[in-house]
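Taking it in order: structure first as structure tokens, then the write-up.
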Amino acid sequence: MIWRQHLKRLHRVREYDPVPDELRGWHYYSPPVKPKSYMGLTMGEIAYDYCPTKRDVYLRRVLNERGSEKSQLVYGQAIHRVFSKALNDVRRMYVMGKDPFDIVKESYLEQEFCPQEIYDYCKKVYGNLILIWSSQLAEAKAFYGGDSVGFLPWSTEVRVDGSAIGMSDRLVIDALGEFTLIEVKTGKREDFHKLALAGYALAIESVTETPMDYGLLVYINGYPNDVEIRFEGHYISPDLRRVFLDKRDEVIDLIQNGRDPGKPVKCPENCPFYGVCWR
């Protein structure tokens with residue numbers, strides 16, 4: 001099974017590099033988890049370096065500029081909705097007693113989930129995801145026997161209050177399971193994507209006081225042709241947590257100082273502030 005294969009490897013990594021207690025989210029009252037200031041930062045403002053100099057944060061937070069909505073962002077939002085619906089449909093039909101293969105046959109994506117121009121592609125993504133999760137159920141059912149499957153799709157679009165660690169009180173995690181969180185990404189794989197896993201883990205730990213050690217990145221690409229879905233498992237290690245916390249405090253310093261960090265050498269054209277920087 002997809003996630004089981006990742007976990008076997010990650011268990012061994014954790015064994016040799018355990019997370020010290022002071023890097024758990026429940027230590028929100030003391031450094032390094034305690035933030036320099038409480039600004040309700042978003043995950044994108046901290047973890048994502050699409051703008052290498054973080055000028056997007058400066059424009060939004062210091063100059064109160066508003067970015068434009070790019071087509072790439074609309075596409076990404078649609079794929080996230082499709083991902084959530086696929087997981088929820090598999091869960092709902094399984095609870096109703098449906099066989100995994102009946103779930104594949106009876107699943108359906110309503111048109112309102114996607115803009116008309118990408119609806120056909122969204123249907124392909126939805127169908128692939130339904131097939132993946134249903135196959136997971138079938139494999140688990142065969143492995144465990146009887147009606148016990150040992151697996152259920154995770155809860156989706158889970159809200160968590162990150163204010164104790166200086167983040168927004170309305171963080172939304174794409175999906176959440178026991179000790180595991182999942183993030184959906186479209187477009188090019190970036191190394192900083194895994195930092196979001198650390199941020200969400202710290203936020204969850206600050207609220208639940210339960211260890212959150214594993215994350216799964218799901219890359220959905222291939223538009224407008226074939227659907228490509230790739231899974232990437234990560235141990236939310238001490239180093240990953242430290243990097244995230246350092247970046248959080250750097251963003252806080254940037255906002256408090258109010259100094260323009262300058263434009264990067266090269267800007268991604270899908271940046272919402274591209275028109276602001278280059279007008």
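Please read all numbers here as calculations on a predicted model, not as lab measurements. Values below: all heavy atoms of this structure, side chains included; hydrogens, waters and symmetry mates excluded.
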Hey, does Leu87 have a side-chain heavy atom less than 4.5 Å from the side chain of Leu129? no

Set out, in order, the CA-CA distance, both residues' side-chain angles and the distance that settles side chain to side chain contact (heavy atoms under 4.5 Å, CB included) for Glu228 and Tyr219, then state yes or no. CA-CA 8 Å; Glu228 302 167 3; Tyr219 288 95; over 6 Å; no

Please evaluate residues Leu240 and Lys194 with respect to the criterion side chain to side chain contact (heavy atoms under 4.5 Å, CB included), reporting the C-alpha separation (whole Å), side-chain torsions for both, the decisive distance (0.1 Å), and the verdict. CA-CA 8 Å; Leu240 201 60; Lys194 62 188 178 185; 3.8 Å; yes

Applying ring pair (Phe, Tyr, Trp, His ring centres under 6.0 Å) to His11 and Tyr235, what does each step give before you reach the verdict? CA-CA 8 Å; His11 285 327; Tyr235 168 49; 9.7 Å; no

Can you name the nearest heavy-atom pair linking Ser206 to Tyr28, along with the distance? O-CE2, 3.9 Å

When rounded to the nearest 0.5 angstrom, what is the spacing between OG1 in Thr208 and CG in Leu176? 8.5 Å

Backbone N/O of Asp253 and side chain of Asn257: donor-acceptor pair under 3.5 Å: yes

With a 3.5 Å distance limit and no angle check, can you tell me whether Glu205 reaches the backbone of Met212 through a side-chain donor-acceptor pair? yes

Please give me the minimum heavy-atom distance between Asp249 and Pro35, naming the atom from each residue. OD1-CA, 4.0 Å

Is the ring centre of Tyr50 less than 6.0 Å from the ring centre of Phe192? yes

Check step by step if side chain to side chain contact (heavy atoms under 4.5 Å, CB included) holds for Asp174 and Thr156. CA-CA 6 Å; Asp174 289 333; Thr156 63; over 6 Å; no

Do the side chains of Leu41 and Arg248 get nearer than 4.5 Å, heavy atoms only? yes

Hey, does Tyr29 have a side-chain heavy atom less than 4.5 Å from the side chain of Lys34? no

Scan side-chain atoms only and decide if His193 and Tyr48 contain a donor-acceptor pair under the 3.5 Å cut-off. no

Quick one: do Asp17 and Arg14 make a salt bridge, cutoff under 4.0 Å? no

Tell me the closest heavy-atom pair linking Ile103 and Ser134, and the distance in Å. CG2-OG, 3.5 Å

Separation between CG of Leu109 and CG of Asp89, rounded to the nearest 0.5 Å: 8.5 Å

Side chain to side chain contact (heavy atoms under 4.5 Å, CB included), that's the test. Do Glu22 and Val33 meet it? Break it down for me. CA-CA 7 Å; Glu22 62 268 20; Val33 177; over 6 Å; no

Test ring pair (Phe, Tyr, Trp, His ring centres under 6.0 Å) on Phe83 and Tyr126; report intermediate values, then the result. CA-CA 7 Å; Phe83 179 87; Tyr126 177 78; over 10 Å; no

Please check: side-chain N/O of His234 versus main-chain N/O of Leu197, any donor-acceptor pairing under 3.5 Å? no

Nearest-0.5 Å distance that lies between atom CG in Asp99 and atom CD in Glu106: 10.0 Å

Would you say the side chain of Glu45 lies within less than 4.5 Å of the side chain of Arg61, judging by non-hydrogen atoms? yes

Report yes or no: do Tyr108 and Phe101 belong to one cluster of Ile/Leu/Val/Met/Phe/Trp/Tyr joined by side chain heavy-atom distances under 4.5 Å? no

Report yes if some heavy atom in the side chain of Lys247 is under 4.5 Å from a heavy atom in the side chain of Asp49; otherwise report no. yes

Set out, in order, the CA-CA distance, both residues' side-chain angles and the distance that settles salt bridge (Lys or Arg N to Asp or Glu O under 4.0 Å) for Lys85 and Glu110, then state yes or no. CA-CA 10 Å; Lys85 177 171 169 52; Glu110 294 82 357; 3.1 Å; yes

I'd like to know if the side chain of Ser135 reaches the main chain of Leu131, judged simply by a donor and an acceptor atom lying under 3.5 Å from each other, with no hydrogens or angles considered. yes

Please assess Glu65 against Arg60 for the test salt bridge (Lys or Arg N to Asp or Glu O under 4.0 Å), listing each intermediate value before the final yes or no. CA-CA 5 Å; Glu65 291 276 5; Arg60 184 186 303 109; over 6 Å; no

Side chain to side chain, Ile204 and Thr210, heavy atoms closer than 4.5 Å: no

Taking a hydrophobic cluster as the set of Ile, Leu, Val, Met, Phe, Trp and Tyr residues connected by side-chain heavy atoms closer than 4.5 Å, whether directly or through intermediates, do Trp26 and Leu181 fall within one such cluster? no

Taking every non-hydrogen atom, the tightest pair across Pro18 and Pro238: O-CG, 3.4 Å

Is there side-chain contact between Asp260 and Arg55, with at least one heavy-atom pair below 4.5 Å? yes

Heavy-atom closest contact (Ala47 atom, Phe244 atom, distance): CB-CE1, 4.3 Å

Inter-residue atom distance Ile229.CD1 - Phe231.CZ, 0.5 Å rounding: 6.0 Å

Ionic contact status for Asp21 with Arg24, cut-off 4.0 Å: no

With side chain to side chain donor-acceptor pair (under 3.5 Å) as the test, would you mind laying out the steps for Asp239 and Ser237 before giving the verdict? CA-CA 5 Å; Asp239 285 346; Ser237 67; 5.4 Å; no

Kindly write out the residues that satisfy ring pair (Phe, Tyr, Trp, His ring centres under 6.0 Å) with Tyr223, not counting sequence neighbours, or none if the list is empty. Tyr75, Tyr121

Begin with the C-alpha distance, continue with both residues' side-chain angles, and end with the deciding distance and a verdict on side chain to side chain donor-acceptor pair (under 3.5 Å) for Tyr58 and Arg259. CA-CA 8 Å; Tyr58 167 78; Arg259 289 197 295 268; over 6 Å; no

Correct closest heavy-atom pair for Ile118 and Ala78 would be CD1-CB, 3.8 Å

Report all side-chain donor-acceptor pairs from residues 165-172 shorter than 3.5 Å, counting only partners two or more places apart or in another chain.
| residue | atom | partner | partner atom | Å |
| --- | --- | --- | --- | --- |
| Ser168 | OG | Arg170 | N | 2.9 |

To the closest 0.5 Å, what do you measure between CD (Glu157) and CZ (Arg81)? 9.5 Å

Find out whether Ile236 and Arg241 are in side-chain contact, i.e. whether some heavy atom of one side chain is under 4.5 Å from a heavy atom of the other. yes

Identified salt bridge (Lys or Arg N to Asp or Glu O under 4.0 Å) partner of Glu232 from the options Lys185, Arg9, Arg189: Arg189

Is it true that, when you exclude Tyr38 itself, more than 12 heavy atoms of the residues, nucleotides or ligands shown sit nearer than 6.0 Å to its OH? yes

Does Asn128 use its side chain to pair, donor to acceptor, with the backbone of Lys124 at less than 3.5 Å? yes

I need the Leu59 CG to Asp56 CG distance, nearest 0.5 Å. 7.5 Å

Taking Lys54 for the side chain and Ile46 for the main chain, is one N or O donor matched with an acceptor at less than 3.5 Å? yes

Run Cys114 and Cys122 through disulfide (SG to SG under 2.5 Å) and show every step you take. CA-CA 7 Å; Cys114 289; Cys122 286; 2.3 Å; yes

Tell me whether Ser107 contacts the main-chain N or O of Val104 through its side chain, where contact means a donor paired with an acceptor under 3.5 Å. yes

A quick test of your reading: do over 12 heavy atoms of other residues, nucleotides or ligands sit less than 6.0 Å from CG of Asp226? no

